[in-house]
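What follows is a set of notes on a single structure, which appears directly below.
What you see is a predicted model; the values in this text were computed from it and never measured. We name chains A, B, ... by the order of the sequence lines, and we start the count at 1 in each one.
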Protein chains: 2
Amino acid sequence: MFPKLDPILHSELRLAVISLLAGVESADFTYIKQQTGATAGNLSVQLDKLSSAGYITVEKGFKGKMPRTTCSITPAGLEAFRKYIDALKEYIST
Amino acid sequence: MFPKLDPILHSELRLAVISLLAGVESADFTYIKQQTGATAGNLSVQLDKLSSAGYITVEKGFKGKMPRTTCSITPAGLEAFRKYIDALKEYIST
DNA sequence: ATAAACAAGTTTATATTATAAACCAAATTT
DNA sequence: AAATTTGGTTTATAATATAAACTTGTTTAT
């Protein structure tokens, strides 16, 4: 009746990140931080979790001389997001 | 952009309970336990939280000689559920 | 009549999670 | 060259979820 909700996605910040990445090719750390309003520390930790789960890729490079971290959603991430939304609907469709 | 999700409702079991109660007049502990598949301990704790938040009422009585706990959603609970759903849509409508 | 098993929960302990505070290295500005 | 800013990471703490253990009383079997 109530399907299990993917615990990786059932987190306010991680869900916001995935939602954001689902709509774009890629986004960098600073942009995600701005859009979500997260603190850098929290964002760093949650990006790690999404990355460890294989839901996003995190690439570190440089823009000029400054470090730059770029994130993209993976096919697995998109699929998990889709499934999460479907599961949620079982809860919220009264 | 990403609205805050009510932390009382952003919990798998509590959300299931509210979802269930939103559709009925009332439901007792055992029924909720069956429908959600929760352990009694977990359910007890989460019902307390929903009750403390004013989202449900919990009435203790007896059915014959056996104790029976009956739960109902409150108007505040229904409103919070509605708001939670609206907030969620900001996350999942890509 | 009493011991064993069951019902309906509650309390407490533990594991996990989320979050913020403190920190670090390098770049830029004054 | 000292101070500030950028772009993060690591670590510590607070909050949460969950299960295990316990309680109280009932029913069933011996």
Side-chain angles (χ1 to χ4, degrees), chain A residues 2-21 26-53 55-72 80 84 87 91, chain B residues 2-21 26-53 55-72 80 84 87 91:
Chain A
F2 292 106
K4 175 93 182 119
L5 296 175
D6 182 343
I8 300 290
L9 292 187
H10 197 63
S11 141
E12 189 162 356
L13 181 49
R14 288 195 299 270
L15 187 60
V17 168
I18 284 289
S19 175
L20 205 143
L21 291 179
S26 70
D28 63 29
F29 190 97
T30 303
Y31 177 74
I32 297 174
K33 184 171 176 293
Q34 284 169 348
Q35 293 296 309
T36 60
T39 60
N42 193 11
L43 183 55
S44 182
V45 170
Q46 306 311 328
L47 289 180
D48 267 1
K49 288 193 185 175
L50 288 169
S51 172
S52 295
Y55 290 180
I56 67 171
T57 58
V58 177
E59 275 189 71
K60 276 143 196 317
F62 289 87
K63 182 178 197 172
K65 294 174 177 178
M66 297 297 270
R68 186 197 46 173
T69 299
T70 306
C71 305
S72 305
Y84 176 76
Y91 288 78
Chain B
F2 292 107
K4 175 94 180 119
L5 296 175
D6 182 343
I8 299 291
L9 293 186
H10 196 65
S11 143
E12 188 162 357
L13 182 49
R14 288 196 300 271
L15 187 60
V17 169
I18 284 288
S19 175
L20 206 142
L21 291 179
S26 69
D28 63 30
F29 190 99
T30 303
Y31 178 74
I32 298 173
K33 182 170 177 297
Q34 283 169 349
Q35 293 297 309
T36 59
T39 60
N42 193 9
L43 183 55
S44 182
V45 170
Q46 307 310 330
L47 289 179
D48 268 1
K49 288 192 186 177
L50 288 170
S51 173
S52 296
Y55 290 1
I56 68 171
T57 58
V58 177
E59 275 188 72
K60 274 141 199 316
F62 288 87
K63 183 176 195 172
K65 294 176 178 178
M66 297 299 269
R68 187 199 43 175
T69 299
T70 307
C71 305
S72 305
Y84 176 76
Y91 288 78

_I want to confirm an ordering. Mapping Pro67(B) and Gln46(A) to their closest nucleotides on DNA chain C, which one lands closer to the 5' end?_
Pro67(B)
*Sequence neighbours left out, what passes side-chain hydrogen bond (donor to acceptor under 3.5 Å, both in side chains) with Lys60(B)? Give chain and number order.*
Thr69(B)
*Could you please name the option among dA27(C), dT19(C), dT10(C) that lies closest to any side-chain atom of Lys65(A)?*
dA27(C)
_Less than 4.0 angstrom between a side-chain N/O of Ser44(B) and OP1 or OP2 of dG9(C), yes or no?_
no
_Separation of dT18(D) C1' from Lys33(B) NZ (nearest whole Å)_ = 14 Å
*Counting only N and O atoms by type, is there a donor-acceptor contact under 3.5 Å from the side chain of Ser52(B) to the main-chain atoms of Asp48(B)?*
yes
_Within-4.5 Å side-chain heavy-atom neighbours: Val45(B) and Leu13(B)_ = no
*Mind checking Lys60(B) for me? I need base, sugar-phosphate or nothing, with any heavy atom below 4.0 Å counting as a touch.*
sugar-phosphate
*For Tyr84(A) and Pro7(A), indicate whether the former's side chain and the latter's backbone hold a donor-acceptor pair under 3.5 Å.*
no
*Can you tell me the distance, in whole Å, between the OH atom of Tyr31(B) and the P atom of dG9(C)?*
15 Å
*Figure out the CZ/P separation between Phe62(B) and dA8(C), and round it to whole Å.*
12 Å
*Over how many whole Å does the gap from Leu15(B) atom CG to dT18(D) atom P extend?*
12 Å
*Expressed in angstrom and rounded to an integer, what is the separation of Leu43(A) atom CG from dG7(D) atom P?*
13 Å
*asked:* Using a 3.5 Å distance criterion without hydrogens, assess whether the side chain of Arg68(A) forms a donor-acceptor pair with backbone atoms of Thr30(A).
replied: no
*Tell me which nucleotide among dG8(D), dT10(C), dT19(C) gets nearest to the side chain of Val45(A).*
dT19(C)
*asked:* Closest-nucleotide mapping onto DNA chain C: is Asp28(B) or Gly41(A) further toward the 5' terminus? I mean the 5' end.
replied: Asp28(B)
*asked:* The side chain of Thr39(B) is closest to which nucleotide in this list: dA17(D), dA19(D), dA8(C)?
replied: dA19(D)
*What does Glu12(A) touch in the nucleic acid at a heavy-atom separation under 4.0 angstrom: a base, only the sugar-phosphate, or nothing?*
nothing
*Does Lys49(A) make a side-chain N or O approach to OP1 or OP2 of dT16(C) shorter than 4.0 Å?*
no
*For the side chain of Arg14(A), counting heavy atoms from C-beta on, which of dT17(C), dT10(C), dT28(C) is nearest?*
dT17(C)
_In whole Å, I'd like the distance from the CG atom of Leu50(B) to the P atom of dA17(D)._
10 Å
*Whole angstrom is fine here: how far is it from CG in Leu5(A) over to P in dA17(D)?*
12 Å
*Under-4.0 Å side-chain N/O to phosphate OP1/OP2 contact, Lys63(B) with dA7(C)*: no
*Starting from the 5' end of DNA chain D, give me the residue, His10(B) or Ala40(A), whose nearest nucleotide shows up first.*
Ala40(A)
*Nearest whole angstrom, please: distance from the P of dG8(D) to the CE of Met66(A).*
9 Å
